[in-house]
Every structure is written in C-alpha cells, then in structure tokens.
Amino acid sequence: MKSNMITIMKKEFARFFKDKRMVLSTILMPGLLIYVMYTFIGQGLSGLYASGENFVPQVYAVNLPEDYANAEGLPMNFIPVEDETEARAMLTSGAGEEEGGCDLLVVFPENFTEAVNAYETTSGEKAPEVEVYYNSADTDSSTAYSMMLDFLDDYEASMANKFDVNSQEKQYDLASEKDTAGMVFSMMIPMLMMIFLFSGCMAVAPESIAGEKERGTIATLLVTPMKRSHLALGKILSLSVIAILSGLSSFIGTMLSLPNMMGGMEDVSASVYQVSDFLLLLAVILSTVLVIVSIISIISAFAKNVKEATTWVTPVMIVCMLLAVTSMIESLKPDNIFMYLIPLYNSVQCMNGIFSFTADIPGIGVTVASNVVYTILGVGILTKMFNSEKVMFSR
Amino acid sequence: MEEILVAKGLKKTFRISAKQQKLEKTREKIKVAVNNLSFTAYRGEIYGLLGSNGAGKTTTLRMIATLITPDEGDVLVDGVSVVKEPNRVRSKIGFLTSELKLEEFFTPNYLFDFFAQLHGMEREETEERKRELFDKFGISGFAEVKVADMSTGMKQKVSLVISIVHNPDIIIFDEPTNGLDVLTAKVVTDFLLELKSQGKTIIVSTHIFSLIEKVCDRVGIIIDGAMALSGRLSELTEKKNLEDVFFDVYAERAGEAV
C-alpha cells in the first residue's frame, strides 16, 4: 500500500500535465510573461528618463554671451531671444513643436562673460546668476536641463581649474561584474522568488484540495483503504513539484529579463554564479515550496470550496510578501542561527546570502532542515484533517 | 445463516449551524441523525433501509462506510469494527452514494486503473475485472470519454463500477437508482440481483418501495433516526404491501394519521 502515495502523485500529475490550459497558464505563461513584461518595463523606463542618442536640445537664451552664440560643436542649439515670455509659454504648453520647440530657457545676466571674469570669490558679493527654466514633465526638457547644468558646471570648473576628478580614461568603479550582479540579484530575486513560489503554490494547491472537497471527489478517495497520510504526502509532494516548475519558469524569466529591466546593465548576468550556488538555491527552494504547499494545503482542507480557500490564503500571501521584503533591509538580516528557524523568513535570507555571495552554510542547513520538519508537521496536520469528518464533510 | 454486518446501538449527532437553525426554524444546537439503531445483515442477502428523506439512512450508511464515526455504538463488518479498524473495513466494502463524485477530467479507463491501484490490485487482475465490468455495463464504448462529457446515466454506471473495482463481499448502495432513467435503473436493479447471486451481501438505502420489494430479502424501516421495524420482507408483507406497512409504522411513530 506504500505505492498509494505514488498513485496519488501520478493522478495529480496526470490531472495537471494532461490539461494543456493548466500547463500553459501555470508553467509556460508566468516565465514568458515576466520576461516580456520586465523587458518592456526596462525599455519604458529607459525611454522615460533618456532622450534619443542624437538629441540636441533647443535652448532659448536671454542675454546669450557672444562666445556661446558663435561657438561650434556645442551639445545644444542656442537660440538667442530678447524676451523670455514667448519661450516660457513654449516650455509650458509645448507650443512651437514644428519649429523644433523649446526644451530649455536660460536667462543669463547682462554682460555675463565680463561679470564672471570680474567676479572675485573672496569679495563676498553675490555671484552672477544664471537662471535655467525647464519642464520636468517633458523628457526632452528634463534631459536638456541636466545637460545644461553639466555644461555650466564644466564652464565654471574650467575658469578655476585647481584640481581634476576622475578625468583619465581609467576604470574608477572597482566593482567587479560579480559584485554588480550580486548586488542586483540579491536585492531583487529573493523577494520576487518568494512571490513566484507562493503564486505557483496558490495556482494548484487550493484547486487540488478544496476543489476536490467542493466537487465531492475527495470522499471517493476516503472510502478506499489508502492511508490518509499517504494521501496527504502524495498531494503535498506532487503539488510541490508542480509549484516548483511554475516557480522555476518565473525564475528563468526573471533572470533573463532582469538586465533588460535594469536598463540594459551589461554587467548583470546570472553567469557569475557557480553550480554550487545553484545547488544551494535549489535546496532552499525545494524546502521552501514544501512549507508553502503544506500551509496552503492545510488552509484549503479547512475551506469548503476553492473560493473560500483562496480568500483565506490571501492574508498568508501578504505575510509572505512582507517577509520577502526583508531581503532588502539590512537591519533585518539574521544575527544568530536561531533566526533561520523562522519559516519563509529563513528562505528569503538564505536566497539573499546565496545571490550576494555571502551564503551562510550553517544557516542554509538549519533552514532546509527546519523546513523539512515543518513539512512533516504539515503532513501530520493534513492527515488528521483528512481523518476528521467535521473538516472533510462540513457544509 | 452467517451474520456479516452487525450494527449495534448506532448513534450520530451533528451540530446545527446558525444558518441551518434559521433554515429549519429551530433553536436546537444538536441534531440527532441516528439514535440507537441496530440491525443485522446476513451473508448473501440484500438488506434494504427504507425511510423518508432525512430519516437517517445515508448517515447510517456513511458510518458503515467509515466516512463518519458513530458517537455511540459500532458496526462489525465481517467481524471488523468500523470504529477500531476503519482501514480494514474499507478494503472489505464497496460504497456507492451520490455524495461520491468522480473527477470529471478523467476517463472511466483511467479511473478504474487508479482505484484498482489504491485497492492494491495487480495489473492482470485489474484488466480482467475491467473487461468484465465494462462489458456488463456497456462502458467499453465510452471508456475513453471524459466523465465531464458523459450523461447522468453513464456517470452512474461508471460510479457503480468504480465502487466495486476490488470485488468486495459487502456492497453498500445509497439510493442507487436516484435520478436514473428507467433503462439505467433497470440495469442497476438487475446488477444488484446478479451480485446477490454471486454470494455478495448488499445494503441498499432507498425511499422507493418497488426497489425494496423487487430486490431485498430483509428490510429495516427508519423513522427519525431510529429503527422502527426490521425483519424479513416476506414476513412483513404477509398481510399488507410494503407501502401500507411503512405508512402504518410511520403514523404510529409520528403519532399522526397519514
């Protein structure tokens, strides 16, 4: 009768994998959607904060100094104006687009060059002031504003060049590709991974347990001589496999699309991780999914139907998401080994350690072991529930 | 005659939820579904439990099938207690009730193999049994059709076959002909008689007098959760037909003329 557990697992797999819609919506779509979504978000964000490469801002300038008016090779196109009113209107309303529009309005003081040359920093007098007007709601105007500030800073620096900072063609950022990837992945992936795993479990567990109760098919199983513990274990293991496949799909989609989302960060690649890192990650993920499936299965067994189960699981998901956020907060990192006994939190911290190359091996050991213990407890509780007529046949 | 199923002093109560209290217009918090119910079925006979809706027939059968546990009393199924060894009882009985549904995604073929495995049957034994039952009930023609795509009659046939996959000696049928068309109902009735001829013991619950009269050897009339009358059908219907016997007992118990 030990094979009954395998029989239940086979049935759960058959139910899932023979249903193309289930496979598509639970395994294929999450990864694909995440890849497409993150890539689009990345492109959208890049487009939002940066104008095209050949962008030359149209800068309307009052009292434009002669040397700017006649200079060549400037990164912007200065258009001298007498009055700032028209340029202000163009900036505010976006009018005049057909003539190139107005990205920026710069008001220089009269005789700017002479005033700057004559100014002594030690005199205590007010320095000549340049006013730069822009429209923050317009991407081109914002870009032009940044360019103008840099341009004026450079001009100011060139007038009193006492020292240079990072002016040579050298690599001043000493972070390696590994460090950059570690920082990005450890910040994002543990949180996303927990959400994906929980979503994967939620997609299958309520349907398999509360759904069977709702449809009356679980009673058909309960009149067979199968041990309730085999039924519970068979359900939890098979649902875990399906949830892991779902989580894996989301994980692959995220790993591939994260560099795109971060605005094409070429340094961010999962290739910096070794096989041993992925094995540790796999151990943490496997044990985490077992815990999540156990929790959702117990809640689903209590519920009368799938709708009720989903409603009851939602607060647990919120708690899971809150715990997932701890990967981003330095002060909430575990400061002793016992903290790895806290379910779900331990998984988040382990994943964070693995991705940031600071894996705490004893901590991971405690996490995996405690998760297995929690799962055994979960199987025990679920077995009791399958044995309880009040739970299984409540209406 | 060998006693094969002995129910002794069965009692089952249920808590009534606030919602049910409203529906049933009662302030009682506990409902006694079955009260001190006893009966004995003998090997190779068909025992009928007759009663109106809500009389306690299904609750009694669910206790025998180990789906629920009696508050008091016990049932010995072939000498095995439903309270102490429910798992052993499950392997001895087949149970069919409208409460037990089949997963609509699967085909009869898959479900038969699945339940045969749960009963620990060998591959060859399963195939032979499947062929026999599928041919008898004409399921072979739709063996690969999903349950979801079947008619009520087809589903009932498959449920019936699944309930006796493991060829049990004791078979419990709760309202087996409910909701069936006349042709399918006849197939089921004939099958009950065939099972009896094979030496199986059958406990059947129903409120249909003709079914009891046609197939049962013994009958127990349940009123308000208690066994009001029990005995051989031939003896009970010596002077009056079963319907008259039932309403006489009902009137006597309920204290009202029907």
Side-chain angles (χ1 to χ4, degrees), chain A residues 1-23 204 207-231 233-235 238 304-306 308 383-395, chain B residues 12 14-17 19-20 23 58-59 61-71 80 82 85-107 110-111 113-122 146-148 158-159 162-163 165-166 168 172 174:
Chain A
M1 285 291 177
K2 269 188 182 175
S3 64
N4 277 345
M5 190 188 79
I6 308 288
T7 307
I8 292 292
M9 289 180 72
K10 278 187 194 167
K11 189 215 64 165
E12 292 295 329
F13 289 146
R15 173 72 190 85
F16 183 83
F17 289 107
K18 283 185 182 173
D19 189 340
K20 287 175 190 152
R21 281 176 298 182
M22 288 265 268
V23 174
V204 288
E207 169 61 28
S208 173
I209 296 186
E212 284 224 39
K213 260 182 86 175
E214 188 178 355
R215 293 189 297 271
T217 51
I218 197 109
T220 316
L221 291 175
L222 295 177
V223 290
T224 67
M226 168 183 45
K227 281 186 177 173
R228 287 0 184 196
S229 56
H230 290 171
L231 176 60
L233 201 57
K235 287 255 178 201
S238 52
K304 290 188 183 77
N305 49 48
V306 177
E308 196 174 280
T383 303
K384 287 244 174 213
M385 295 174 80
F386 283 148
N387 265 321
S388 164
E389 64 186 64
K390 276 182 191 157
V391 174
M392 297 318 293
F393 301 109
S394 62
R395 289 175 198 278
Chain B
K12 187 69 190 175
F14 295 109
R15 280 191 179 281
I16 306 178
S17 66
K19 193 176 163 188
Q20 283 172 314
L23 279 173
T58 300
T59 305
L61 295 190
R62 287 169 81 192
M63 285 191 275
I64 299 171
T66 74
L67 276 178
I68 57 175
T69 316
D71 296 344
V80 183
V82 296
E85 295 179 278
N87 240 26
R88 271 188 68 201
V89 170
R90 284 173 201 136
S91 60
K92 286 177 179 289
I93 60 163
F95 183 42
L96 175 69
T97 166
S98 56
E99 258 185 319
L100 306 186
K101 300 281 189 334
L102 299 173
E103 280 217 49
E104 303 235 313
F105 181 80
F106 293 116
T107 63
Y110 181 90
L111 288 168
D113 291 346
F114 172 68
F115 282 99
Q117 281 179 48
L118 291 182
H119 282 285
M121 289 168 68
E122 296 295 330
K146 283 184 181 174
V147 174
V158 177
S159 295
I162 295 295
S163 71
V165 161
H166 53 305
I172 301 159
D174 184 18

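Proteins get letters first, then strands, A, B, ... in listed order; numbering begins at 1 in each.
A donor-acceptor pair is defined here as one N or O able to donate and one able to accept, closer than 3.5 Å; no such pair exists between the side chain of Thr217(A) and the backbone of Lys101(B).
When all heavy atoms of Thr7(A) and Gln117(B) are compared, the closest pair comes out as OG1-OE1, 3.3 Å. Here the shortest heavy-atom pairing between Asn87(B) and Pro225(A) reads ND2-O, 3.0 Å.
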Please evaluate residues Phe115(B) and Val223(A) with respect to the criterion side-chain contact (heavy atoms from CB on, under 4.5 Å), reporting the C-alpha separation (whole Å), side-chain torsions for both, the decisive distance (0.1 Å), and the verdict.
CA-CA 10 Å; Phe115(B) 282 99; Val223(A) 290; over 6 Å; no
Pair Lys18(A)-Phe106(B), side-chain contact (heavy atoms from CB on, under 4.5 Å): steps then yes or no
CA-CA 10 Å; Lys18(A) 283 185 182 173; Phe106(B) 293 116; 5.5 Å; no
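Once rounded to the nearest 0.5 Å, the distance linking OG of Ser3(A) with CG of Leu118(B) reads 8.5 Å. Rounding to the nearest 0.5 Å places NZ of Lys11(A) at 3.5 Å from CD of Glu103(B). In this structure, CG on Leu222(A) lies 8.5 Å from OG1 on Thr66(B), to the nearest 0.5 angstrom.
Here the side chains of Phe114(B) and Ile8(A) are in contact, with some heavy-atom distance below 4.5 Å.
Looking at Ser163(B), there are no atoms closer than 4.5 Å to chain A (heavy atoms on both sides), in backbone or side chain.
Annotation: maximal heavy-atom pairing with chain B below 4.5 Å, among Arg215(A), Glu212(A), Lys10(A), Arg15(A), occurs at Arg15(A).
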